[in-house]
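One structure is given here, and the rest of the page talks about it.
Indexing begins at 1, ligand by ligand and atom by atom, following the structure's order. In what follows, residues are counted from 1 in the order of the sequence shown.
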Amino acid sequence: MRTPVMEVLRKSRSEVRAAVMDDYSRRCAGFSWGEARGWLDGLPGGAGLNIAHEAVDRHATGTQGERTALRWLGKQGRQRDISYRELASLSSRFANVLGELGVPPGAGVFLLAGRIPELYVAVLGALKHTAVVTPLFSAFGPEPIVTRMTLGEGRVLVTTASLYRRKIAPIRDRLGALEHVLVVRDDDGELPEDTHDLVARLDAASDVYTIPATDDETPALLHFTSGTTGKPKGALHVHQAVVAHYATARFALDLRPEDIYWCTADPGWVTGTSYGIIAPLCIGATLVVDEAEFDAEHWYDVLESEGVTVWYTAPTAIRMMMRGGSERARSRRYPALRFIASVGEPLNPQAVHWGVEAFGLPIHDNWWQTETGGIMIANFASLDIRPGAMGKPLPGIQAGVLRHLPDGGVEEVTRYGEEGELALRVGWPSMFRTYLNEDARYRRCFVDGWYLTGDLVRRDPEDYYWFVGRADDMIKSAGHLIGPFEVESALMEHPAVAEVGVIGKPDPVIGEIVKAFVALKPGFVSDESLRRELLGFARRRLGPAVAPKEIDIQSSLPRTRSGKIMRRLLKARELGLPEGDTSTLESAR
Ligand code: ATP
Ligand code: MG
């Protein structure tokens, strides 16, 4: 029997509400970023805000220092717990290694490794040294590595011996700026030529390091966007961003020092750095790091055996878990789990309901981008969840729904429910400072004091924001503007459907027709009768103007490495056009 979802949503909300310090309106009232800055320590002697100091050093002394900062779950059942004191010491050693190699502040330090402890040590150590840090997906092939390291002028690379041999050695002469490679030995081979043994260097280095004075505007992180809509852009973030990392983790994830927190995102994607490294450590929580790739059964194990309390994941993972039904999830116990959040793509209402069935908890959707550096809009712990809505703007964030005017200006739409481009008033601390080497493109993102996000939304009278679609993905059919999310969510309600991507296919009569690509749950067979059933199902739910006219059933849909369905690729393939930049395409799953 189906759980009465709305009842659970209400119950869960009131329980959480009792536990959180403030409700939404109290949090927003009187909030200022200046106040939030005061929640952090700053470097000794007024030397500024440094992300790594806030994340580790300030928790490293006294009994606090003994607490586990990072619990690493390795692939072969290995496990390593690193305390805050140890993480502070290891990251200082890494900063000293950079100093010994003569790496100056501001230099580009790239990381190409799976989720191993040294990756976390290197990110934090490089931030201490005020280098500019870029984690890459370890699954990247040669071209995405060369493009990104060239753009970011990577002078240092941290990787593993096996990845070095397979991926870097063949392209090393194309990495013109690269001076030092630090490798973690992960096989029995010799240390590759022209590289340093990272662990040996760490062992030999001093663990005393004084973080240089760090200005608010000192560059800290260079993150590449997911490449969902085109060639990835390099968004540059500064140390001041830590104010937003910390505050948003409290507001949107309800994260507290006693939490066992698991963010499933890879550090190669901005979520895996902002909320997979920095924010939870700034709070003083224990971070679970799982080295393994996605596997539903294993994930249930981690949630249960580690006693995860706060879990931050993404719709694509949730949909893959949903494929197996909620019984598998319900065969475990998660007494500690109290908050689940999701980001990266719209979260179908079906997924929010599944959270209740599977875990007894709803899933809190939140919205942000590589460019915003941190969560901007969220279903807060203390709010009613509206399944299908992204939530409300965080304290300190002023969002608007804009209409573009013919003269190039913008105005806010005044009617609730009207679609427009989601925009944010500039000035929050984690805002990107440029797209590297693409200044004109950066400047085009701003109009009249607004940052334009490229996403279309609606707002309801209680100020919840509802995602409609990316501006690039909107479908114009017979005079209607149709957002893919609405169509995808309707099809997701069919029991056979695991995943959907919807595009507009050019049509001489009505402009575009809606076409859906569907992947099925196990046990369902792709045949003509199911295809017809899906067409009818969508038509009944959406009406003939919005429902897809064509449905293709595929074994899987193209996704970015951050788990986003690449609609532009579905469209290019449908129309026989060039595929464009596919550097972030996850081909092997
Ligand atoms: P690119 O900019 O290279 O095309 P991308 O926009 O997918 O790639 P990210 O910065 O990783 O790169 O993703 C941000 C985008 O993801 C948002 O602009 C939005 O379209 C989508 N997104 C993130 N969270 C949500 C959410 N909760 N609901 C709907 N969409 C979301
Ligand atoms: Mg984008």
Side-chain angles (χ1 to χ4, degrees), residues 135 137 144 147-148 221-235 237 248 252-253 265-276 312-316 318 340-349 351-352 363-379 385-394 399 421-424 430-432 435 438 441-442 444-445 451-458 464-474 483-486 488-489 501 558-569 580-586:
F137 283 101
T147 330
R148 286 162 180 73
L221 295 153
L222 174 69
H223 280 301
F224 289 87
T225 60
S226 289
T228 316
T229 54
K231 186 168 162 284
K233 301 145 267 186
H237 291 278
T248 57
L253 303 178
D266 190 279
W269 180 34
V270 67
T271 305
T273 303
S274 291
Y275 296 97
Y312 195 20
T313 189
T316 183
I318 295 165
I340 310 177
S342 160
V343 71
E345 280 197 300
L347 187 68
N348 314 96
V352 179
I363 303 175
H364 299 248
D365 189 17
N366 60 54
W367 176 96
W368 59 290
Q369 304 180 308
T370 309
E371 291 86 341
T372 69
I375 302 169
M376 299 281 109
I377 295 180
N379 286 280
I385 285 187
R386 301 206 166 160
M390 304 172 348
K392 296 196 194 197
L394 263 62
E421 181 165 2
L422 173 62
L424 305 167
S430 61
M431 194 173 88
F432 71 135
Y435 284 134
E438 292 190 273
R441 193 173 189 184
Y442 174 70
R444 279 202 301 277
C445 297
Y451 161 65
L452 304 171
T453 66
D455 286 342
L456 296 188
V457 294
R458 287 191 203 103
Y464 282 81
Y465 283 70
W466 298 74
F467 186 78
V468 175
R470 291 162 182 268
D472 292 11
D473 293 336
M474 294 301 289
F485 178 50
E486 186 185 5
E488 289 163 6
S489 288
R559 260 192 284 267
T560 65
R561 296 214 170 274
S562 51
K564 296 159 195 272
I565 295 171
M566 290 173 96
R567 296 176 189 81
R568 72 173 160 95
L569 215 58
D581 186 295
T582 51
S583 61
T584 58
L585 176 67
E586 186 187 80

Nearest 0.5 angstrom please: [X] [atom1] to [Y] [atom2], how far?
X: D473; Y: E488; atom1: CG; atom2: CD; result: 8.5 Å
X: T453; Y: L422; atom1: OG1; atom2: CG; result: 4.0 Å
X: Y464; Y: N379; atom1: OH; atom2: CG; result: 6.5 Å
X: L221; Y: T370; atom1: CG; atom2: OG1; result: 11.5 Å

What atoms of ligand 1 come closer than 4.0 angstrom to any heavy atom of [X]?
X: N366; result: 24 (N), 26 (C), 27 (N)
X: V343; result: 24 (N)
X: W269; result: 11 (O)
X: T370; result: 9 (P), 10 (O), 11 (O)
X: K233; result: 1 (P), 2 (O), 3 (O)
X: D455; result: 17 (C), 18 (O), 19 (C), 20 (O)
X: T228; result: 1 (P), 3 (O), 4 (O), 5 (P), 7 (O), 8 (O)
X: G227; result: 1 (P), 3 (O), 4 (O), 8 (O)

Original post:
Angle class for the F432/H237 ring planes (parallel below 30°, perpendicular above 60°, tilted otherwise)?
Top reply: tilted
[atom]: which protein heavy atom is closest, and how many Å away?
atom: atom 6 (O) of ligand 1; result: R470 NH1, 3.0 Å
atom: atom 13 (O) of ligand 1; result: K564 NZ, 2.7 Å
atom: atom 21 (C) of ligand 1; result: G344 O, 3.4 Å
atom: atom 25 (C) of ligand 1; result: W367 CD1, 3.5 Å
atom: atom 4 (O) of ligand 1; result: T229 OG1, 2.4 Å
atom: atom 29 (C) of ligand 1; result: P346 N, 3.1 Å

Original post:
Just checking, is any N or O donor in the side chain of T228 or S226 under 3.5 Å from an acceptor N or O on the other one?
Top reply: no
Original post:
Looking just at side-chain N and O atoms, do Y275 and T248 make a donor-acceptor pair shorter than 3.5 Å?
Top reply: yes
Original post:
Under a heavy-atom criterion of less than 4.0 Å, does F485 contact ligand 1?
Top reply: no
Subject >> T453 N/O under 3.5 Å from ligand 1 N/O >> reply: no
**OP:** Give yes or no for whether the N/O distance cutoff of 3.5 Å, strictly under, is met between S342 and ligand 1.
**Re:** no
